[in-house]
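I'd like to ask some things about the structure below.
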Amino acid sequence: MAASGGSETSNFRISGGYFEREGIIIETGFQRYSFRANSDFTFGKLKLGQNMSINFNKQNPDPTGIGDRSLLEHAIKAAPYLSVYNSNNLGGFQGPNSAGDGQDAENPVRILKHGNAVNNTFALVGNIFAEYDIIEGLKFKSQVGLDYYKGTSDRFIPSYNDDSLGGTHQQAFASITKNNSAGQTIIFTNSLTYNTTFGDAHNFEALLLSEKFESQGTSLNANSRNSVSDEIDELSNEDSSLQSTSFEYNRLGFLGRLNYNYDDKYIAAVSLRRDASAKFGANNRWGWFSSYALGWNIAKENFMENTNVSTLKLRGSLGYSGNDRIDNYLYSATLVNNFLYPIAGSNAVGTTAFGLENPDLKWEETRQLNVGVDLGFANDKFTAALEYYENRSDDLLIRVPTSTSLGINEGSQVRNVGSVETTGFELSLGFNDFEGDFKWSANLNLSTSSNEALSLGGVDELVGGNFENQNITRVVKGESLFHFFGLVTDGIYQNQAEVDAVFTANPDQTTVQPGDIRFKDLNNDGDITSEDRAIIGDPLPDLTYGLNLSADYKNWDFNMFWTGIYGRDLYNTNIYDLEGMPRLFNSGVSVLDRWTPTNPSTTIPRAGGAPQNLQLSDRFVEDGSFSRLKNLTIGYTIPSNAFGSELFSKFRIYVSGQNLITITDYSGLDPEVGNGDLFEYGIDRGAYPQPKTYLIGLQVSF
């Protein structure tokens, strides 16, 4: 719901909304109440205004089980012969008995239904501003922005025992966890802008700006037990723990910019800024950054007047920007007081450095070069744009492993090391027909990308994406970033002669047998070791595209948006669960056709085979290319006089759907996975797929 109005000297708009969505798994969901208010008032040369939004959110999240396994992983591994519920067990659920079943997959229904978990957040985002016209063309603006949040996260788990025989999954007490967090960010900006034109063709704009960014936050985390009652969701002193944290982060910046264009033909811009960040020590707190841009609108030239070209613009830019996106206080040493020291054959709790200090940390700098051309024909009925970009980042802020002999709790240190470069092209093609009863448009965007690690500052490699004690992703000089690194498969050993032909340097080994996966001996040393690893996948796509189609016919409207990527590999850890057969976990149906002496499979190894079958390899890498119908909307606007009088200025009914069609060869639930931490990019750890959503809506304006 929304209402708006105004006059010659004032405007306002207020709106409110409620959103509720049931989760795609049981006992999960999301609710949001939202409110927005915008207004501005003019008093002669002075203009005052404000923008504000308030959100109240409630979420029932999907918790993880032991070992931080996703619920999907537990569901895959759970023994199919066990029931979900058992009224004879404490808590009423059934799980495995590890001694008898040889596995420890938790009951995912118990994790979701036994007890409760809820997150509540309050968020206020807004700003107030004052703008004053000093003289003609000279304007001063002052603005204060606020981003405030407060949240609670509570979880209550009553006692349970999933197996009365004494299975792995049991808890003889109720556990209570309560976390509180709050914080705010204040941005104070002052700017002075001057616009002027000389000789009706020379247009100048100058800007001076200062900005102060202040952010601070606190958190309080507490948990305890209750061995007496499963009904009291409150903290106590029984086996309790309490921890609080706080942070403060400040940034200060100054900017100067000058824009010039001559009769919209020749365009130039230059800017210079200086920024300081509290995330760096006093040695390198400040950084200088600049940008430069040139453009030539050839279509404005006299010799182009009698052509069908409506837009022809050449443009180029070169800019330098800084990055300080790292944790706070890394330039200084911090302590941890629960470090375990081995003394006299036992562990003693003591204090040590949590992380090594680095007072020489400084801004990571990125140079961005862009060169492009914009085209338009027949009054921009046909449009096209082609751009080449080249981004190089130096002094990368990267976490580098430290030697374990240093006794550092964190085991790594953030340093400025190395350089990386990314290059590519972006192409946009468009058609717009806005005449007649039937109007339609089509716009296609294509983007290519390639990257390389130019230097790691003396570090041999950087690894991450740990899975089953193996690092999936790697960065090394001269190769693409965050690639998958592991063994290369070569079918399955069908007989002992094939095994012996590979293990010529280790002929007496008996671990690997017929039915196990055969790996390529890339270094030709007659054995399969970590030295035979190679690049087995690239999670960064070669091509990304988006296609938007829109049409209107009289009172009908239509919109369709497709998106997709090509040339991206995914590391599917679910295959480990579905086809690994390391223990008596449940598996996928494909293992029914696994290798046996009488069934010589070439894809699925024997059950309980050699440990090397579970080694990180291209066995788990799949093509993650896909095309997805992201949005489809069809609407009909009822004429304003259809109700006998113009009661409504707009009355529109529409249906909409999201994620309706996905075209992919990927065997996992969703090819859009692993998009957080760069070392996690392209790793599918059992994430839930994006749901199909169907909407029926009504838009009414008075």
Side-chain angles (χ1 to χ4, degrees), residues 4-15 36-54 123-148 184-216 248-264 266-278 285-295 317-322 324 363 368:
S4 61
S7 64
E8 293 183 356
T9 58
S10 65
N11 295 283
F12 77 91
R13 176 180 172 83
I14 58 174
S15 62
R36 294 182 64 90
N38 305 326
S39 62
D40 61 75
F41 306 89
T42 302
F43 306 93
K45 293 185 175 182
L46 177 65
K47 183 178 181 180
L48 303 175
Q50 63 81 30
N51 301 280
M52 179 184 66
S53 69
I54 297 176
L124 169 63
V125 179
N127 67 74
I128 57 174
F129 67 88
E131 194 173 83
Y132 186 75
D133 294 325
I134 302 174
I135 58 174
E136 184 178 356
L138 183 61
K139 182 183 298 184
F140 174 77
K141 183 176 182 179
S142 185
Q143 177 173 292
V144 178
L146 171 67
D147 185 347
Y148 174 82
Q184 65 181 32
T185 297
I186 297 176
I187 304 176
F188 183 36
T189 306
N190 293 290
S191 62
L192 193 64
T193 307
Y194 181 66
N195 289 280
T196 188
T197 300
F198 298 105
D200 296 328
H202 300 276
N203 303 290
F204 290 90
E205 180 189 56
L207 170 69
L208 295 175
L209 179 144
S210 66
E211 182 178 78
K212 186 177 183 181
F213 182 101
E214 297 180 354
S215 182
Q216 58 184 11
E248 184 175 347
Y249 164 54
N250 299 295
R251 194 173 67 234
L252 182 63
F254 300 94
L255 169 69
R257 186 179 67 206
L258 179 64
N259 296 335
Y260 167 78
N261 83 72
Y262 174 77
D263 198 26
D264 288 332
Y266 314 114
I267 303 167
V270 60
S271 69
L272 180 66
R273 66 177 299 147
R274 183 163 169 78
D275 292 282
S277 171
R285 184 154 290 166
W286 288 90
W288 286 99
F289 309 101
S290 59
S291 67
Y292 316 89
L294 292 173
S317 64
L318 176 65
Y320 298 86
S321 59
D324 68 342
W363 289 88
Q368 300 167 298

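Computation of the quantities below employed the complete heavy-atom set of this structure, encompassing side-chain atoms and omitting hydrogens, waters and symmetry-equivalent molecules.
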Give every donor-acceptor pair under 3.5 Å between a side-chain atom in residues 252-262 and any protein atom, sequence neighbours left out.
unit_1	atom_1	unit_2	atom_2	d
Asn259	ND2	Glu205	OE1	2.8
Tyr260	OH	His202	ND1	2.7
Asn261	OD1	Asn203	ND2	3.0
Asn261	OD1	Asp264	N	3.1

Where is the tightest heavy-atom contact between Asp324 and Ser277, given as atom of each residue plus distance? OD2-OG, 2.8 Å
Taking the side chain as everything from C-beta on, heavy atoms only, tell me whether Phe213 gets closer than 4.5 Å to Tyr249.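 They are in side-chain contact.
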Which donor-acceptor pairs under 3.5 Å do side chains of residues 39-46 form with protein atoms, sequence neighbours excluded?
unit_1	atom_1	unit_2	atom_2	d
Ser39	OG	Gln50	NE2	3.0
Asp40	OD1	Asn11	ND2	3.4

I need the Asp263 CG to Thr197 OG1 distance, nearest 0.5 Å.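 One gets 10.5 Å once the value is rounded to the nearest 0.5 Å.
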Between NZ of Lys141 and CG of Leu209, what distance do you get to the nearest 0.5 Å? 10.5 Å
Walk me through it: do Ile134 and Leu192 pass the test side-chain contact (heavy atoms from CB on, under 4.5 Å)? CA-CA 10 Å; Ile134 302 174; Leu192 193 64; 3.9 Å; yes
About how many Å separate OG of Ser10 and CG of Leu48, when rounded to the nearest 0.5 Å? 12.0 Å
Among Ile14, Leu124, Asn38, Leu146, side chain to side chain contact (heavy atoms under 4.5 Å, CB included) partner for Met52: Leu124
Tell me, please, which residues at least two apart from Glu131 pass salt bridge (charged side-chain N to carboxylate O under 4.0 Å, His left out).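 Partners of Glu131 under the salt bridge (charged side-chain N to carboxylate O under 4.0 Å, His left out) test: Lys139.
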With a 4.5 Å cut-off on side-chain heavy atoms, are Phe188 and Ser142 touching? yes
Check: Trp363 side chain, Arg285 main-chain N or O, donor-acceptor pair, under 3.5 Å: yes
Walk me through it: do Phe140 and Asn190 pass the test side-chain contact (heavy atoms from CB on, under 4.5 Å)? CA-CA 8 Å; Phe140 174 77; Asn190 293 290; 3.6 Å; yes
Distance from Leu318 atom CG to Gln368 atom CD, nearest 0.5 Å? 9.0 Å
Could you give the distance from OG1 (Thr185) to CD (Gln216), rounded to the nearest 0.5 Å? 9.0 Å
Which atom of Trp288 lies closest to which atom of Arg274, heavy atoms considered: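 For Trp288 versus Arg274, the nearest heavy atoms are NE1-NH1, 2.7 Å.
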Leu208 and Tyr194: side-chain contact (heavy atoms from CB on, under 4.5 Å), yes or no, with the steps? CA-CA 9 Å; Leu208 295 175; Tyr194 181 66; over 6 Å; no
Of all the heavy-atom pairs spanning Ser215 and Asn250, show the shortest one and how long it is. N-OD1, 4.4 Å
Measure the spacing between CD of Glu214 and CD of Gln184 and express it to the nearest 0.5 Å. 8.5 Å
